[in-house]
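Reminder, nothing fancy here: chain letters follow the sequence lines and each chain counts from 1.
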2 protein chains.
Amino acid sequence: MTIQEAARRSGLSAHTLRYYERIGLIHTVGRNGSGHRDYDEQDLEWLAFLTRLRSTGMPIADMCRYAQLLRAGAHTAEERRRMLERHREKVAARIAELTQDLSALDYKITIYRETA
Amino acid sequence: MTIQEAARRSGLSAHTLRYYERIGLIHTVGRNGSGHRDYDEQDLEWLAFLTRLRSTGMPIADMCRYAQLLRAGAHTAEERRRMLERHREKVAARIAELTQDLSALDYKITIYRETA
DNA sequence: GTTTGACTTCGAGCGCACTCTAAGGGCGAC
DNA sequence: GTCGCCCTTAGAGTGCGCTCGAAGTCAAAC
């Protein structure tokens, strides 16, 4: 599939897809006869996973590290798992923080409503 | 209290405190005889509120807008409340998103553990 | 009295994650 | 065949939120 189609389906821009490839986040995507990128379903799955890591605030550098480990082969599985576990804890902590902030906001809004 | 003390208590750097004042996020803080900033408890409460808005992802520009409304007086209370309500919804949505991402991460980690 | 160190203003610089531009290639429609 | 459009690469530019530096002031310590 073309880069435009991959962009549409992944929610990333074509610019971003090229950028991700350049920095090594995506291993070389296949090319067609004209040298144009040709994405397959596996590429899209990987993009979906990357998108989830990004959306949870993982820095690009860490995602590159993960991608690198994945390419290095099965013997890196444990390190990858540990990376995900550490990241999981950060996400959980972030949810807890936001939940606290949400109550504080709700309280503030209540005061605005009562004062009105 | 000095800017260092205010920085310590607010968790922001002295640089950031000056920056916030410069962009209008903090209305002019009092000065002592030597022209140095002199923060009071009210300033700190405002900083704590700002910190909470930032930590929930509100852009600086929106916080400036809120600060401006607050300075404009009581007749802007309704608009301020609406701002907070809109922001509250964004925070709630973000929590929902992160919660989903967390399950996805947990699932992925489970697979790593089973494969090991 | 001079050194030290924290303060002041204001503008420049930085890190991150894109986002866009320039310069050129390839291919289908007319 | 040439117009239009999308593709390619490499590198420059952008926006955000700080963060730092330069140049100067002031007050307490020695």
Fill in: Whether over 12 other heavy atoms sit under 6.0 Å from A:Gln100 CD
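Open: at most 12 neighbouring heavy atoms sit under 6.0 Å from CD of A:Gln100.
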Worksheet item: Should the pair B:Arg52-A:Glu97 be classified as a salt bridge under the 4.0 Å nitrogen-to-oxygen rule?
Response: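 Salt bridge: no.
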Between [N] ([atom2]) and [X] ([atom1]): distance, integer Å:
X	N	atom1	atom2	answer
A:Leu50	C:dA17	CG	C1'	14 Å
A:Ile23	C:dT19	CD1	P	13 Å
B:Leu17	C:dT9	CG	C1'	16 Å

Discussion item. Taking the six-membered ring for Trp, are B:Tyr107 and B:Tyr112 closer than 6.0 Å centroid to centroid?
Written reply: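 B:Tyr107 vs B:Tyr112: aromatic centres not under 6.0 Å.
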Worksheet item: With a 3.5 Å cut-off and no angle check, do the side chains of A:Asp101 and B:Thr56 form a donor-acceptor pair?
Response: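 There is no such pair (donor and acceptor under 3.5 Å, judged by atom type) between the side chains of A:Asp101 and B:Thr56.
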Fill in: Any residue meeting salt bridge (Lys or Arg N to Asp or Glu O under 4.0 Å) with A:Arg88, in chain and number order, not counting sequence neighbours
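B:Asp106.
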Response to the item:
Readout for nucleotides 7-21 of chain D: B = base within 4.0 Å of protein heavy atom, S = sugar-phosphate only, - = neither; 5' to 3' it is SBB-B-----BBBB-
